[in-house]
S.K.: 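What follows is a single structure, and I will ask about it in a moment.
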Amino acid sequence: MTFIRFFLPLLKNTYKTKIMVKDTHYCRYYMRIPLKDVTPELETAEVIGWVHEIRDLGGLAFYILRDRTGFLQAAVIKKKAPEAVLIAAKEVSRESVVRIKGVVKESDKAPGGREIIPESFEIISKAETPLPLDVSDKVLAEVDTRLDNRYLDARRPKVAAIFQIRNAATHAINDYFYNEGFINITTSKIVAAATEGGTELFPIAYFEKEAFLNQSPQLYKQMMMAAGFEKVYEIGPIFRAEEHNTTRHLNEATSIDVEVSFADHNDVMDLLENVIIAAYENVDKTCSDAIETLGVDFSVPKKGFPKLTYAEAIDIAAVSIEEDIAYGDDLSTSAERAIGEEMGEHYFITDWPTSIKPYYAMPYENEPEICKAFDMMHPRMELSSGAQRIHQHDLLVEQILQKGMSPEGFEFYLKPFKYGMPPHAGWGVGMERLIMTMLDLPNIREAVLFPRDRHRVTP
RNA sequence: GCCCAGUUAGUGUAGUGGCCUAUCAUGCAGCCCUGUCACGGCUGCGACACGGAUUCGAAUUCCGUACUGGGCGCCA
């Protein structure tokens, strides 16, 4: 019986057309109405949701139901309600899943101007008490408690809103690349050696071989340039085994990685701006409810991010921070912040010293001490780094040696440079940082469903 | 890797040697309540991370252990 009730609509689209309301996004597959679509015009409705709050006034009790679309109040009038409704209403706990059928009434006293008067009230899945955290936000839990109970935490509209927005951003980025003729690739996350340098890798057991989780798809993107794919991108996980413990680092992050042949650093900086703006624009266009739920100031950045050379950035930092900073130093966190404050919007730092950028960054022909590498910054932090890459085999080997690394270690990477490697450029953007800065989230863990940090491997 | 801080009911907290039989809020249970929307009222339930030391007396001081948060470095 249950089987028929659930699956008949799939086979026979006309069944129960009365509640097959306009929004096919939510309705096509279920015999229920999303809560936001419940209106008095329906007269009757069957809804399923979580019991968000219970307010028992004595002769009258209110049950606030919640699903991903919103809230609906069910009003149980104890003198009039059927016995079975009273029993279930008494029995139910907060955060239980319930199915309610009843009459929908207009009421200016009810939230959203309408409420449902249950004629049946079925507890589909009862929630135990006490709950590990308060979904209704009366007592805010700490991030750690929330992450331990992420499935409950994510029931909170504010949390759901973040991932709705992340979805819209990801979708826009994929769309942008697709429309621009990029090929979406996926590359292996299991690698044989520390190829890029500069960061610690997680060792893994790979049968009888030594292997690691990849820190970046960099080398693979470049190999696909040699393959003639011309424009590739990948949105995927990267792993860094650094023991940092901060609100802006993850040991597993999502990288939006791009590589373009026959392009230089300026071309891909232009591309980067477009991608960031496309993400913001789609969020702006499709997520106004989520933005409102989060209560953040949201504005789409304007095309033409200011460009600062590394030397100029150092000058700004030198006058605004206490600590000593000189040409050739990496930009410290406090320097980054000081420059960000000065800039007040997204910006690029270009023309970095070759000595502090990875070996694959292309030095300027006339001034090889600096290279065609750039960082793209949000006032709060670094979002992206990229460069025109070295495509000449011998120059690459020279740079690797200069960094004190051994070319023998990654012959598989160098070999493609011998057989027709086009000039190319690319970048990587931290997805979580993009979302974090977009929504002004205090902690990067808020931008991932299941963050992996120094201590956390569950859930 | 270096440095700092923390751990008290399910959740979030108060607490600086005796007034702690541990505060408050939320939650939960019971009773009252027909328009709540942070419903309200009354009663109750529920916690000092672990081990050791100091002391007449330790949630509070000291040592160790475990766990956690944060800053820096490095980076996305």
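What's counted below: heavy atoms across the whole structure, side chains too, no hydrogens, waters or symmetry copies. All chains are named by letter (A, B, ...) in the order of the sequence lines, taking the proteins before the strands, and each is independently numbered beginning at 1. What you see is a predicted model; the values in this text were computed from it and never measured.
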S.K.: When all nucleic acid strands are considered with a 4.0 Å heavy-atom cut-off, which category describes A:A110: base, sugar-phosphate, or nothing?
M.R.: base
S.K.: Out of B:U36, B:C31, B:C75, which has the shortest distance to the side chain of A:K90?
M.R.: B:C31
S.K.: Using the ring centroid of each side chain, check whether A:F239 and A:F212 are separated by less than 6.0 Å.
M.R.: no
S.K.: Here's a test of your reading of the structure: between A:R445 and A:S107, which maps to the more 5' nucleotide of RNA chain B?
M.R.: A:S107
S.K.: Please compare A:D375 and A:S93 by the position of their nearest nucleotide in RNA chain B and report the one closer to 5'.
M.R.: A:S93
S.K.: Would you please indicate yes or no on a ring centroid separation below 6.0 angstrom for A:Y233 and A:F177?
M.R.: yes
S.K.: Students often get this wrong, so: under 4.0 angstrom with heavy atoms, is A:E115 touching a base, only sugar-phosphate, or nothing?
M.R.: base
S.K.: Once you round it to whole Å, what is the distance between C1' of B:A76 and CE of A:M436?
M.R.: 11 Å
S.K.: Find the distance A:F71:CZ to B:U36:P and express it as a whole number of Å.
M.R.: 19 Å
S.K.: Mind checking the OH-CD spacing from A:Y413 to A:Q218? Nearest 0.5 Å is all I need.
M.R.: 6.0 Å
S.K.: Work out how far the C1' atom of B:A59 is from that of B:G18, and round it to whole angstrom.
M.R.: 13 Å
S.K.: When the P atoms of B:C19 and B:A29 are compared, how many Å lie between them, rounded to an integer?
M.R.: 34 Å
S.K.: Which nucleotide, if any, forms a Watson-Crick or G-U wobble pair with B:U55, using both distances under 3.5 Å?
M.R.: none
S.K.: Taking atom P in both B:A58 and B:C28, what distance in whole Å separates the two?
M.R.: 37 Å
S.K.: How far does the P atom of B:G44 sit from the matching atom of B:A5, given to the nearest Å?
M.R.: 41 Å
S.K.: Quick one: label A:K138 by what it contacts on the DNA or RNA (base, sugar-phosphate, nothing), any heavy atom closer than 4.0 Å.
M.R.: sugar-phosphate
S.K.: Looking just at side-chain N and O atoms, do A:H424 and A:Q388 make a donor-acceptor pair shorter than 3.5 Å?
M.R.: no
S.K.: May I ask you to decide whether A:E119 forms a salt bridge with A:K101, counting only side-chain N to carboxylate O separations under 4.0 Å?
M.R.: no
S.K.: To the nearest angstrom, how far is A:L60 atom CG from B:G35 atom P?
M.R.: 7 Å
S.K.: Given side chains that start at C-beta, do those of A:L152 and A:V135 come closer than 4.5 Å, heavy atoms only?
M.R.: yes
S.K.: Quick test of your reading of the model: are A:E234 and A:K221 salt-bridged, counting only N-O distances below 4.0 Å?
M.R.: no
S.K.: With both distances kept under 3.5 Å, what pairs with B:A29, Watson-Crick or G-U wobble?
M.R.: B:U43
S.K.: Is it true that A:E382 and A:R433 have a side-chain N and a carboxylate O under 4.0 angstrom from each other?
M.R.: no
S.K.: Base, sugar-phosphate alone, or nothing: which one does A:T254 contact when heavy atoms must sit under 4.0 Å apart?
M.R.: nothing
S.K.: Would you say A:E432's side chain and A:T254's backbone share a donor-acceptor pair under 3.5 angstrom?
M.R.: yes
S.K.: Just by distance, with hydrogens left out, do A:N274 and A:Y176 show a side-chain donor and acceptor under 3.5 Å apart?
M.R.: yes
S.K.: May I ask which nucleotide in the shown strands pairs with B:U36, Watson-Crick or G-U wobble, both distances under 3.5 Å?
M.R.: none
S.K.: I'd like the P distance from B:G46 over to B:G35, given in whole Å.
M.R.: 34 Å
S.K.: Considering every strand and a 4.0 Å limit on heavy-atom distances, what is the contact class for A:S255: base, sugar-phosphate, or nothing?
M.R.: nothing
S.K.: Of all heavy-atom pairs between A:A45 and A:V104, which one has the smallest distance, and what is that distance?
M.R.: CB-CG2, 3.7 Å
S.K.: Pick base, sugar-phosphate or nothing for A:L250, based on heavy-atom distances below 4.0 Å to the nucleic acid.
M.R.: base
S.K.: With side-chain hydrogen bond (donor to acceptor under 3.5 Å, both in side chains) as the test, would you mind laying out the steps for A:Y364 and A:D351 before giving the verdict?
M.R.: CA-CA 9 Å; A:Y364 280 96; A:D351 301 353; 2.5 Å; yes
S.K.: Between B:A76, B:C72, B:G35, spot the one nearest the side chain of A:S385, thanks.
M.R.: B:A76
S.K.: B:C48 and B:C20: how far apart are their C1' atoms, nearest whole angstrom?
M.R.: 10 Å
S.K.: Any donor-acceptor pair under 3.5 Å linking the side-chain atoms of A:S107 with those of A:R114?
M.R.: no
S.K.: Which nucleotide, if any, forms a Watson-Crick or G-U wobble pair with B:C50, using both distances under 3.5 Å?
M.R.: B:G64
S.K.: Would you say the side chain of A:R94 and the base of B:C28 hold a donor-acceptor pair, judged only by whether the two atoms sit under 3.5 Å apart?
M.R.: no
S.K.: Checking base pairs now: Watson-Crick or wobble, both atom distances under 3.5 Å. What partners B:U23?
M.R.: none
S.K.: How would you label the contact of A:N443 with the nucleic acid (heavy atoms, under 4.0 Å): base, sugar-phosphate, or nothing?
M.R.: sugar-phosphate
S.K.: Counting primed atoms plus P, OP1 and OP2 as sugar-phosphate and everything else as base, spell out the protein contacts along nucleotides 1-7 of chain B at 4.0 Å heavy-atom distance: B, S or - for each nucleotide, 5' to 3'.
M.R.: B------
S.K.: Categorize A:K79 for me: base, sugar-phosphate, or nothing, with a 4.0 angstrom heavy-atom threshold over every strand shown.
M.R.: base
S.K.: Take atom P in B:C3 and the same atom in B:U65, then report the distance between them in whole Å.
M.R.: 15 Å
S.K.: Heavy atoms under 4.0 Å, any strand shown: does A:L383 hit a base, just sugar-phosphate, or nothing?
M.R.: sugar-phosphate
S.K.: Regarding B:C67, can its base be found pairing with the side chain of A:H455 as donor and acceptor, where the two atoms are less than 3.5 Å apart?
M.R.: no
S.K.: Any chance you could measure A:I123, atom CD1, to A:S93, atom OG, to the nearest 0.5 Å?
M.R.: 7.0 Å
S.K.: Are A:F374 and A:H265 near enough that their ring centres are under 6.0 Å apart?
M.R.: no
S.K.: Any N or O donor-acceptor pair linking the side chain of A:R240 to the base of B:A76 at under 3.5 Å?
M.R.: yes
S.K.: Please state the P separation for the pair B:G40 and B:C72 - nearest whole angstrom.
M.R.: 42 Å
S.K.: Tell me the partner of B:G73, counting only Watson-Crick (N1-N3 plus N6-O4 or O6-N4) or G-U wobble (N1-O2 and O6-N3) with both under 3.5 Å; none if nothing fits.
M.R.: none
S.K.: Looking at RNA chain B, which of residues 325-357 of chain A put a heavy atom within less than 4.0 Å of it?
M.R.: A:D330, A:S332, A:T333, A:E336, A:R337
S.K.: Can you give me the N/O atom pairs linking the protein to nucleotides 8-15 of chain B at distances under 3.5 Å, or say none if there are none?
M.R.:
{"residue": "B:G10", "atom": "O2'", "partner": "A:L131", "partner atom": "O", "Å": "3.0"}
{"residue": "B:G10", "atom": "O2'", "partner": "A:P132", "partner atom": "O", "Å": "3.4"}
{"residue": "B:G12", "atom": "OP1", "partner": "A:E142", "partner atom": "N", "Å": "3.1"}
{"residue": "B:G12", "atom": "OP1", "partner": "A:T145", "partner atom": "OG1", "Å": "2.6"}
{"residue": "B:G12", "atom": "O4'", "partner": "A:L140", "partner atom": "O", "Å": "3.4"}
{"residue": "B:U13", "atom": "OP1", "partner": "A:E142", "partner atom": "OE2", "Å": "3.3"}

